[in-house]
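One structure is given below, encoded as structure tokens.
Chain naming here is simple, since letters A, B, ... match the order of the sequence lines and numbering starts at 1 in each.
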Amino acid sequence: MPIITLPDGSQKNYSKPVTITEIASGIGAGLANAAIAGNVDGNLIDTCIPITKDSKIKIITSKDKDGIDIIRHSFAHLVGHAVKQLYPEAKMAIGPVIENGFYYDIAYKKNFTPEDLKLIETRIRELIALKYDVEVNIVSKEIARKTFIDRNESYKVQIIDQIPDNEIIKLYKHQEYIDMCRGPHVPNTKHLKSFALTKVSGAYWRGDSNNEMLQRIYGTAWGSSKELKKYLNKLEEAEKRDHRKLGKKYNLFHTQEESPGMIFWHPKGWSIYQVLENYIREILSINDYLEIKTPQAVDRTLWEKSGHWEKFKDDMFTTNSENREYAIKPMNCPCHIQVFNQGLKSYRDLPIRLAEFGSCHRNEPSGALHGLMRVRNFVQDDAHIFCTEEQIQQEVDRFIDIVFEVYKAFGFDSIIIKLSTRPANRVGSNEIWDKSEKALADALNFKKLDWSYLPGEGAFYGPKIEFSLKDSLERVWQCGTIQVDFSMPGRLGASYIDENSNKKTPVMLHRAILGSFERFIGILIEEYEGIFPTWLAPIQVSILSLTDRNNDLCKNIYNILIQNNFRAILDIRNEKIGLKIREHTMQKVPYMIIIGDKEQADNTISVRSMKGKDLGNMTINEFQNILKNSILLKAKSQSKE
RNA sequence: GCCCUUGUAGCUCAGCGGUAGAGCACUCCCUUGGUAAGGGAGAGGUCUCGGGUUCAAGUCCCGACGAGGGCACCA
């Protein structure tokens, strides 16, 4: 008969199989009331399932992470219950738990609108108010199958057909509604309190765009209304950091209908871009890269040879001239191989690292476009390393160091590292893929980095390491990458002479640190909330006059600063100093210089930081040192004062 | 590309069948003021574009294009 061990180490003996509900009741009525499920020897079970053998158990409530996930899962069932009451012909597909909530995919003759969402939400609240018990039935595959055939739930039947024959299936009965799930679920709808249905969207059945589109209802759910509010608040705050909003607010860039997915950079945004480019150029230079520039439009025959035409024809912009068809380059690698191919190369020359700030155009699907993050024209801080097989490891290793150095300069600490392996549609033999995937994995392990596999997500020519960053809404965007390519150099005739005078094909490593300037700046805007550290700030210092008696001195100070390559602006408008300070503060200029009669008399300047701190009076030279130091510091931690 | 939503002044938004509105910004005038908004006056819109319904259309319907959120895609 089971001996139950509780988390505090205490044990209870039972004379017969016992359920979580019974154990909880034995401890206290409050706990019995709060019990959502149990963790038995590491497995989650429903409160009503009898435990037959000696076990270590924990009673799960809405305070546990597992409890919240169960609540979210049960909310998905409630969506099912409500939807089937309101739209009896709807067919339920899948309703999993996701980060912060859940969704349910549903097939229905008419598409759901936000009004439907409101109706469903109201119905869910009514169902919760009923505080009905959720019953679990453990059934055979056959019975489950019959149940859903009878209910005309064809998607559920499809799911059942993929479950192994001997496996048991749990059916959760929500009054007249029945859903299928591994569980566990809450024993009663009284546990379901804090939720909101958040959005409707289309979603393909089984994630395949060849299948029909279902309708997805998203919701968020929490253990308490306080947590729900906190989450909704967080979303609101994140929206304020949206780079598209801030781009407008701080006059960095814009887009317009005539060129969807392409950026019009304004002076301030372009200033950030140029600082970034020059910074990367320095990094490249000290790491033995050679910068080149290659054509924008290239004859289609080159793309046919490289394999891009076959795979990406529809995704390239093309143009014609005198019976020839050109593609606007979607990537730089084929052109870089052309540069490599000029002149005979010796093994002594390798590795050769060719870098380009390469502007690429890709005709991305309209639905994929997203501010600066996903665009149709972008500039990569691209480079291709031509090397021998033996050199791969050290080059990958060296590159990873550069990525971390650069990301550190921007203050990024959570970098997501993935290794994408061979896709179904690929070129190159399995041996080559084995070798390339291993080379990348070895390099990551050598660095003792935290990384994971992304199976099947590699490029068609080779596997890749991706370095991704999150935006304000925690959406993940790939930025840096390094990719091993054993195929394209051969296809495009790249070769070098080895130590035995034999012609050999080099390996090519595609790599980018920032990825695209557009995306990286988008991430930076959100990371910094538009408040750029001095080294990146489009305007580093504003010079504000107090009265027009001070204008000439302001102009002098301004001239000194711009001659020393600081980014300064002059504000000698006939406005009060309070207004000027307010405006420049709101434009997030790191430093303000204020000049009035007093400064003019003692030949100093008064300096104020964006954060509102009065840095006092000083000479222009003293201030230039402050600026220089602030710029050298780089990372976001500065300009706190 | 697919589904839902959406497109009004430079910006943020109101108006939702009956001759276009607010705040901020802008222009001009007054004000020369010491560390986050001085005052007054004025100008500004074929309401994304193309069809349709109606005596009458930002307002309703259809289509195109763009944007937002998802899905799919992402060399």
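Going from the P atom of B:C2 to that of B:U59 covers 25 Å, rounded to whole Å. Remark: the separation of the C1' atoms in B:G58 and B:A9 is 14 Å, to the nearest Å. Using atom C1' as the reference point in both B:A37 and B:U19, the two lie 37 Å apart (nearest Å). Comparing the C1' positions of B:G17 and B:C55 gives a spacing of 12 Å, expressed to the nearest Å. Only the P atoms considered, B:G7 is 34 Å distant from B:G39, to the nearest whole Å. Going from the C1' atom of B:C16 to that of B:C73 covers 37 Å, rounded to whole Å. Between B:C60 and B:U53, the distance separating the two C1' atoms is 8 Å to the nearest Å. B:G15 sits 13 Å from B:U6 when the P atoms are compared, rounded to a whole Å.
The side chain of A:R362 sits closest to B:C74 out of B:U35, B:C74, B:G69. Closest to the side chain of A:L579, from the set B:A75, B:A37, B:A36, is B:A37.
The side chain of A:K576 contributes no N or O atom lying less than 4.0 Å from OP1 or OP2 of B:U35. Checking the phosphate oxygens (OP1, OP2) of B:U12, a side-chain nitrogen or oxygen of A:K248 falls inside 4.0 Å. For A:R573 and B:U32, the shortest distance from a side-chain N or O to OP1 or OP2 is not below 4.0 Å. At B:G69, one or more side-chain N or O atoms of A:H370 fall inside 4.0 Å of OP1 or OP2 (strictly under the cut-off). Look at A:Y103 and you won't find any side-chain N or O under 4.0 angstrom from OP1 or OP2 of B:C71. The shortest distance between the side-chain N/O atoms of A:R244 and the OP1/OP2 oxygens of B:C11 is not below 4.0 Å. Taking side-chain N and O atoms only, A:R216 has no distance below 4.0 Å to OP1 or OP2 of B:G69. Distances shorter than 4.0 Å separate none of the side-chain N or O atoms of A:N111 from OP1 or OP2 on B:C3.
At a cut-off of 3.5 angstrom, counting only N and O atoms as typed in the model, there is a donor on one side and an acceptor on the other between the side-chain of A:E599 and the base of B:G34. On a pure distance criterion of 3.5 Å, no polar donor-acceptor pair joins the side chain of A:Y204 and the base of B:G70. For B:C74, its base never sits under 3.5 Å from the side chain of A:R376 at any donor and acceptor pair. For B:U5, the base has no donor-acceptor partner in the side chain of A:T113 [N/O atoms by modelled type, under 3.5 angstrom]. Counting atom types as modelled, A:R374 pairs a side-chain N or O with a base atom of B:C74 as donor and acceptor under 3.5 Å.
The stretch residues 303-314 of chain A touches RNA chain B through A:H308, A:F312, each having a heavy atom under 4.0 angstrom from the strand. Contacts of residues 542-551 of chain A with RNA chain B (heavy atom under 4.0 Å): A:L546, A:T547, A:D548, A:R549.
If you take CD of A:E575 and C1' of B:A37, they are 10 Å apart, rounded to a whole angstrom. Rounded to whole Å, atom P of B:G38 lies 11 Å from atom CD1 of A:I581. Rounded to whole angstrom, the span from the CE atom of A:M331 across to the C1' atom of B:C74 amounts to 12 Å. Rounded to whole Å, the distance from CD on A:Q380 to C1' on B:C74 is 12 Å.
In this entry B:G45 has no Watson-Crick or G-U wobble partner, no candidate having both defining distances under 3.5 Å. Across all strands shown, B:C65 forms a Watson-Crick or G-U wobble pair, both distances under 3.5 Å, with B:G7. Nucleotide B:G17 is matched to nothing when pairs are restricted to Watson-Crick or G-U wobble geometry with both distances under 3.5 angstrom. B:A36: no Watson-Crick or G-U partner with both key distances under 3.5 Å is found in any strand. Base-pair partner of B:G1: B:C71 (Watson-Crick or G-U wobble, both distances under 3.5 Å). Across all strands shown, the partner of B:A22 is B:U12, judged by Watson-Crick or G-U wobble contacts whose two distances both fall under 3.5 Å.
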Pairs under 3.5 angstrom only: tabulate donor-acceptor contacts from the side chains of residues 417-425 of chain A to other protein residues two or more places apart or in another chain.
from, atom 1, to, atom 2, distance (Å)
A:K418, NZ, A:S452, OG, 3.2
A:S420, OG, A:E466, OE2, 3.2
A:T421, OG1, A:G456, N, 3.1
A:R422, NE, A:E437, OE2, 3.0
A:R422, NH1, A:D434, OD1, 3.3
A:R422, NH2, A:D434, OD1, 2.6
A:R422, NH2, A:E437, OE1, 2.9

